[in-house]
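In what follows, chains carry the letters A, B, and so on, assigned in the order in which the sequence lines appear, proteins first and then strands, with residues in each chain numbered from 1.
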Amino acid sequence: MLEGQYDHKKIEPYWSEKFAEIFRANPDTPKKKFCITIPPPNITGSLHIGHALNMTIQDVISRYKRMQGFEVLWVPGTDHAGIATQHVVSRELEKKGMKRENLGREEFLKFVDEWREYSQKRIMEQMKKLCLSVDWSANRFTLDEGYRKAVAKAFAELYKRGFIYQGDYIVNWCPSCKTALSDLEVEFSEENGKLYYILYPFEKGLREGIYVATTRPETLLGDTAVAVHPEDKRYKDVNEVFVPLVWRKVKVIRDEKVDMNFGTGAVKITPFHDFADFEIAREHKLEGIKIMNEDGVITYGDYEGLDRFVARKKIVEDLEKLGLLQKIEDYKIRIGKCYRCKTIVEPLVSKQWFLKMKELSQKAIEVVETNKVKFLADQWKNLYLSWMRNVRDWCISRQIWWGHQIPVSTCKECGEKFLNYDGEQEWNSCPKCGSEKSEREKDVLDTWFSSALWPFAVLGWPEQTKKLKAFYPTDVLVTGFDIIFFWVARMIVMGLFFTEEVPFRKVYVHGLIRDEKGQKMSKTKGNVLDPLDLIEKYGSDSLRFSLCVLSSQIKDIKLSEKTIESYYHFMNKIWNAAKFVIMNVENPKKNFQPKTLPQMWILAKLSSCIEKAKEYFEDYKINQAAMEIYEFFWNDFCDWYIEISKVEMQDDKISQSAKNTLFFVLETSLRILHPFCPAITSHIWDEMRGKYDIESESEFLSYAPFPDFEYKEETCLEFGEKLISVAKEIRSIKDEVGFKVSDKVQAKVLTGDDKELKRALEENIKWLEKLSGANIDIIEGEEVPEGFIPSSGKGVVVAISSEGAKLKESIQKMGKELAETEKEFDRVKKRLSNTDFLEKADTEVIQEHKKRLEELGIRIEFLKKRIEILSKFANK
RNA sequence: AGGCGGAUAGCUCAGAGGUAGAGCGUUGGCCUUACAAGCCAAAGGUCGAGGGUUCGAGUCCCUCUCCGCCUACCA
């Protein structure tokens, strides 16, 4: 017996704990396998609403597949998030007055590990509250023991086969985090800057030369050339100029990349502090000069020791003094900032480790082109491909402490670099000279290097575990589009390289969650919706259902609390419908035959709901599946069948079959609803198992089969709808002429010469009268009896006694409808007299139009009549 | 600058060659014994603009406008 009102707080704590225990995938079962690996959340903070969406989608898919009979493994886990975590922990320590640098690597990592434990615990608690069906025994971390082996193995393989190299290269450098960043870790924004026009004279002291425009004047310290376009006539005869202030004589080179129309058409070249210049310098074999250190402090000439921005000011001043500064213009510049600490990134040449991507990416492009990895929705495929086709080498080293240390040592004796760990064995001695004295690389690997191994590493790779054999390749990856490059692409590359299989067959890409105005949620704006607050307030079932309905593979999601509240109402509806059924049904029979039209109708509706829901699930259209069941449950089951059943249960002959129907529809609905709102459905199902004899292999709804009930009765659907429309018509005309719902009126239902309709009406008269609040006479023919007002509906004609009626609406409205209907009639008629249409359109379509024309004709006659009757009535 | 996406009821969105849909909101009426977190009824739309294909276009094609996102070495 369900007690009292729906209260998620009484249900969810129990089920969230239960769900954490009962999902343990068995690789040995003969069942078909289904596997999802979670995009592991960072251990930097708590989960936000985007995580809730991401995880809910995965859970709905997992639960559906599980109920479809698959052995489902959904692997949870967390990501160590190198830079981000190091940053967060450093800040925490600073609050306590401690500095990372003073602690030293080992001590610092102890603190990080404490943080990790704390954070993982918190994330796990949050995930539990979402009622997810993950297998917690499979929980992984990108820096756990097994993962260390996997990463070392991966690095060693790539290294041995020549895909990893170390080199001096220009990278994005964060002077605050003091590490290299990959292209993807830099956020660009348009900002107000200046464009400085500086004279590079032909001779020191001379006021003649080339004007060069730059946004970063301080870099002139490292200039080793000036470039102009080969066809730029202005500079045809200029071959050398002096870099001002440092008075270095540099060549004027010709390069087609220079835009003649921008600025002065001449570009200064600073190979070691600018990406484009680095490229040009390579092609022209120019030297570079490093003028800045890793703190962003100038290390060159008179400006040594000055911060880069202080130096800029000073240099501009000095140029001005010398009259070498022509002008300064306001200019919009693209500024790159560290995605983590927002410090302005400095392009800097340094020694880094790189992964060669070109060759590795070939297969990864192929599998997506041929849909071996299929993106949902399709358009993300293009985004992926365009990035992959222009992929650049990936800088995989990071100058931080928290992460997978690069397993390479350098021999102190002979300088040989060698692998010191391949996932199985460790070495100290130099393979070349045998010396035991070597130094380990200090750098760690980019976090995404380890994340790229996720789908197979979490299943035990490089060991050929049972799990790996049973569940790999995984089935679907669910993620936001913002990490298609960061993560998805790299997983595909690594998966193909190490396992020779795609890591997943489908990539479900969902949008980002925004606030109700469409703005990005951020703590500073104060518009964040915290999933835990929402769960506290509305329950995880309501939150989950909302996220499912709103989920879209294309658009971002605008979420407001109102939406969640409305689905809380739906949970309440489920609760109350269940309460009603359990209250009224004692001994439901299985394999029963429906006895009445409404029973057959609701079963046919249920059957069609199941069919559609399944289709949507198979296409991963979760929002539509959710809407389908929502509409069935509320509009068909609650609004109609439950109401009808109240009448049916009073008739001994059909009472039992009504109860059977109520029970069956509720129990089946719970199964369809379960993937979306597992807690409330599990709770109710449990209650039902206590009271009734439910056949199920499992004690949990989560493992009960998804319904495959089929009941296709077109006639029942048709007549069911017809009778319902009769009830609606009577309600409608009652309201229109001022009767209350509870007023019992006299009504006539006109059946024309439709014998079947007449019989159906007769058989269902009791509930029709109850639900419409009328005494109904069924009469043949089409003539509205004297003293009765016809309703305005388009189906079966119904009319109610005019006694006591007060006409509320004006008949103008009907005139408007009449005019519109006549217009529509003409349109259809015209189309039907069009020979092209008759020749080219499908016969079915033509038939439909003919039928429609007939109906419109009848409608017009009816409306005219109705206006006539109502005018008479109104004039009284 | 290029690429992608969006534009449908007051709001949020679904749909997609053959009669414009839902939820929320609004208005009016109901405490009808599962549910007032509810029930009943109603109002509300030349489907962004223009052109084309078609017997027929929210739906397919082209152009444009506005909005969003992504990519790019214009210093």
Participant: Quick one: is A:Trp575 getting a side-chain N or O under 4.0 Å of the B:G38 phosphate, OP1 or OP2?
Facilitator: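 Answer is no, no contact under 4.0 Å.
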
Participant: At under 4.0 Å between heavy atoms, what does A:Phe570 touch on the DNA or RNA strands: base, sugar-phosphate, or nothing?
Facilitator: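 Here A:Phe570 touches no strand at all.
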
Participant: Assess, by modelled atom type and distance only, whether the side chains of A:Asp223 and A:Thr270 contain a donor and an acceptor separated by less than 3.5 Å.
Facilitator: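 Distance-only check passes for A:Asp223 and A:Thr270.
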
Participant: Could you tell me whether the side-chain ring of A:Tyr6 sits stacked on the base of B:A37, using a centroid cut-off under 5.5 Å and a plane angle under 30°?
Facilitator: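 Stacking between A:Tyr6 and B:A37: absent.
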
Participant: Can you tell which of B:C24, B:A41, B:A34 lies closest to the side chain of A:Lys728?
Facilitator: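 Among B:C24, B:A41, B:A34, the one nearest the side chain of A:Lys728 is B:A41.
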
Participant: Where along residues 838-845 of chain A does a heavy atom come under 4.0 Å from RNA chain B, residue by residue in number order?
Facilitator: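 Output list: A:Lys840, A:Ala841, A:Val845.
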
Participant: Near A:Glu854 CD, under 6.0 Å, is it more than 12 heavy atoms from other residues, nucleotides or ligands?
Facilitator: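 No, because the 6.0 Å sphere around CD of A:Glu854 holds 12 heavy atoms or fewer from other groups.
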
Participant: So which nucleotide from B:C74, B:A34, B:A75 ends up closest to the side chain of A:Asp259?
Facilitator: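 So the side chain of A:Asp259 is nearest to B:C74.
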
Participant: Rounding to an integer number of Å, can you tell me how far A:Ile846 CD1 sits from B:G18 C1'?
Facilitator: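 From A:Ile846 CD1 to B:G18 C1': 11 Å.
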
Participant: Please determine, for the side chain of A:Arg731, which listed nucleotide (B:C40, B:A34, B:A22) has the closest atom?
Facilitator: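 The closest nucleotide is B:C40.
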
Participant: Listed by chain and number, what are the salt bridge (charged side-chain N to carboxylate O under 4.0 Å, His left out) partners of A:Glu615, not counting sequence neighbours?
Facilitator: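 Testing A:Glu615 for salt bridge (charged side-chain N to carboxylate O under 4.0 Å, His left out), a comparison that skips the adjacent residues, returns none.
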
Participant: Does A:Lys740 get its side chain close enough to the base of B:C30, under 3.5 Å, for a donor-acceptor pair?
Facilitator: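 In this structure, the two groups form no donor-acceptor pair.
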
Participant: Ring centres under 6.0 Å, that's the criterion: do A:Tyr567 and A:Tyr630 meet it?
Facilitator: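 That pair passes the under 6.0 Å test.
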
Participant: Answer yes or no: are there more than 12 heavy-atom neighbours, outside A:Lys740 itself, under 6.0 Å from its atom NZ?
Facilitator: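 Open: at most 12 neighbouring heavy atoms sit under 6.0 Å from NZ of A:Lys740.
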
Participant: Between P on B:A34 and CG on A:Asn584, what's the gap in Å once rounded to a whole number?
Facilitator: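 Going from A:Asn584 (CG) to B:A34 (P), I get 7 Å.
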
Participant: Considering just the side-chain nitrogens and oxygens of A:Lys646, establish if one lies under 4.0 Å of OP1 or OP2 belonging to B:A34.
Facilitator: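 Indeed, a polar side-chain atom of A:Lys646 lies that close.
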
Participant: Measure from the side chain of A:Phe580, starting at C-beta and using heavy atoms only, and say which of B:C24, B:A34, B:A41 lies closest.
Facilitator: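 Nearest to the side-chain atoms of A:Phe580, counting from C-beta on, is B:A34.
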
Participant: Side chain of A:Glu848, heavy atoms from C-beta onward: which of B:G38, B:A34, B:G18 has the nearest atom to it?
Facilitator: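 In terms of side-chain proximity for A:Glu848, the closest of B:G38, B:A34, B:G18 is B:G18.
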
Participant: Go through B:C55, B:C24, B:A34 for me and flag the one nearest to the A:Asp836 side chain.
Facilitator: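 Nearest to the side chain of A:Asp836 among the choices is B:C55.
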
Participant: Distance only, no hydrogens: is a donor on one side chain within 3.5 Å (strictly under) of an acceptor on the other, for A:Lys268 and A:Thr219?
Facilitator: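 Short answer, yes.
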
Participant: Verify whether one side chain among A:Glu561 and A:Tyr568 offers a donor that lies under 3.5 Å from an acceptor in the other.
Facilitator: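 Distance-only check fails for A:Glu561 and A:Tyr568.
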
Participant: Is a donor-acceptor contact shorter than 3.5 angstrom present between the side chain of A:Glu643 and the base of B:A34?
Facilitator: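 A donor-acceptor contact between them is present.
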
Participant: Determine which bases of RNA chain B form Watson-Crick or G-U wobble pairs with both distances under 3.5 Å, and write the result as a 5' to 3' dot-bracket string with | for other-strand partners.
Facilitator: (((((((..((((....[..)))).(((((.......))))).....(((((..]....))))))))))))....

